[in-house]
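So the structure is just underneath, and the comments pick up after that.
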Amino acid sequence: MFKDLRFVLKKIKMTRHARNCTAGAVYTYHEKQKDNKAGGYGTLQGRLGKDSVKDFDCCCLTLQPCRYPVITPDGYLYDKEAILEYIIHQKKEIARKMKEYEKQQKRGVEEMAELAKAEQESNAQKFMAMEKSITTKPVASTSAASTSSGISNVENGREKTLPSFWIPALTPDAEKVKMKKPGKAVLCPMSGKPLKVKDLLTIKFTEINDPDEKKSLIARRDRYMCAVTHDVLGNSVPTAVLLTSGNVVTMECVEKLIKKDMVDPTNGQKLKEDDIIPLQRGGTGYASTNEKLDAKLKKPVMMA
């Protein structure tokens, strides 16, 4: 009996009701997701992997290991050359925008003066017309009146009040968007706060001295360690910078060793709370570092 049933199923080519359910009349969620992915429809989601995450010792602008590392008061790491180029470029942009803003303001003053002058001339012409209307004039004949007035848009000075769209000189112009006065301060590309050159603090990473390691420093997987405990540093290890020496240490070292006496172990100088700056760990280069690692791409939705 079972052999006969198998033979019948093979004959009518019915599929099993499991993963490859293609005989159902319902458009399942799995089939919809599969078709969306193949056809480019729907919202594609994905979690950013390790290759998309910036290393803790890389510049936030170039995303490359820093040759001359500096940090901002908020703990963002930059290569000194890259951040100085950025500040110079932003200052040039601010100066250019300021010149455009001043030109716009000057243009606005000139336009207001022209409008005031035109209004004054218009009032004078109205006054003269009113003075002339006081004197009596002979009434013009009907034929003369008909010949003096026409249907043209440019007759009797009407070209100024009735612009013609087919004449380039009389085409009305759209108003230009007014610029806002640009700020004078250069903003940090990561935190968005004002940034000055004097705010940049030079730091030092302690290299791992492994005599058996033959690779260059950039090609190594583990490059730096804590200046006090010699723990290997990475994106998963919270770190901080000691301003008294510029050395990078782990936050565990700060909490368990340094905060007890508030003394820098590398040079013996006294520390304050403001002298310990947490170093921002590696992220994707966006402002929401380490907060959002899920990427979404919205595409047209295919209705079922």
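This is a predicted model, so every value here is computed, not measured.
Residues Leu243 and Lys272 are not in side-chain contact: their nearest non-hydrogen atoms beyond the backbone lie 4.5 Å or more apart. Looking at heavy atoms from C-beta onward, Leu61 lies in side-chain contact with Tyr78 at the 4.5 angstrom threshold. The shortest side-chain heavy-atom distance between Thr202 and Pro69 does not fall under the 4.5 Å cut-off. Residues Leu187 and Leu195 fail the side-chain proximity criterion, which asks for heavy atoms closer than 4.5 Å. In this structure the side chain of Pro189 reaches within 4.5 angstrom of the side chain of Tyr86, judged on heavy atoms. Counting only heavy atoms from C-beta outward, the side chains of His89 and Glu93 approach each other to under 4.5 Å. Residues Val186 and Lys91 meet the side-chain proximity criterion, which asks for heavy atoms closer than 4.5 Å.
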Stepwise, does the side chain to side chain contact (heavy atoms under 4.5 Å, CB included) test hold for Leu233 with Tyr224? CA-CA 6 Å; Leu233 303 181; Tyr224 301 111; 4.3 Å; yes

Steps toward side chain to side chain donor-acceptor pair (under 3.5 Å) verdict (Thr62, Asp79): CA-CA 8 Å; Thr62 63; Asp79 194 338; 5.4 Å; no

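Note that SG of Cys226 is 11.0 Å distant from CD1 of Ile208, once rounded to the nearest 0.5 Å. Going from atom OG1 of Thr229 over to atom CG of Leu257 covers 7.5 Å, rounded to the nearest 0.5 Å. Atom CZ of Phe205 sits about 5.5 Å away from atom CG of Leu279, to the nearest 0.5 Å. Note that OG1 of Thr250 is 9.0 Å distant from NZ of Lys256, once rounded to the nearest 0.5 Å. The CG atom of Leu77 sits 10.5 Å away from the CE atom of Met190 when rounded to the nearest 0.5 Å. To the nearest 0.5 angstrom, Ser122 atom OG is 14.0 Å from Lys117 atom NZ.
A continuous path of hydrophobic side-chain contacts links Leu201 to Val248 [ILVMFWY only; heavy atoms under 4.5 Å]. Clustering ILVMFWY residues whenever any of their side-chain heavy atoms sit less than 4.5 angstrom apart, transitively, puts Val241 in a cluster other than the one holding Ile276. Linking Ile, Leu, Val, Met, Phe, Trp and Tyr whenever their side-chain heavy atoms come within less than 4.5 Å puts Ile277 and Ile203 in one cluster.
Within 6.0 Å of atom CD in Gln104, more than 12 heavy atoms from other residues, nucleotides or ligands are found, so the atom counts as buried in its surroundings. Other residues, nucleotides and ligands contribute more than 12 heavy atoms inside 6.0 Å of the CD atom of Glu110. Summarising the local packing, CZ of Arg96 is surrounded by more than 12 heavy atoms from other residues, nucleotides or ligands at distances under 6.0 Å.
No side-chain N or O of Asp74 forms a donor-acceptor pair with one of Thr72 less than 3.5 Å apart. A side-chain N or O of Ser245 and one of Asp264 form a donor-acceptor pair less than 3.5 Å apart.
Of the residues Val254, Val263, Ile258, the one that meets the side-chain contact (heavy atoms from CB on, under 4.5 Å) test with Leu271 is Ile258. Evaluated for a side-chain contact (heavy atoms from CB on, under 4.5 Å) with Pro73, the options Leu200, Asp274, Asp199 yield exactly one hit, Asp199.
Smallest separation of non-hydrogen atoms from Ala185 and Ile94: O-CD1, 3.8 Å.
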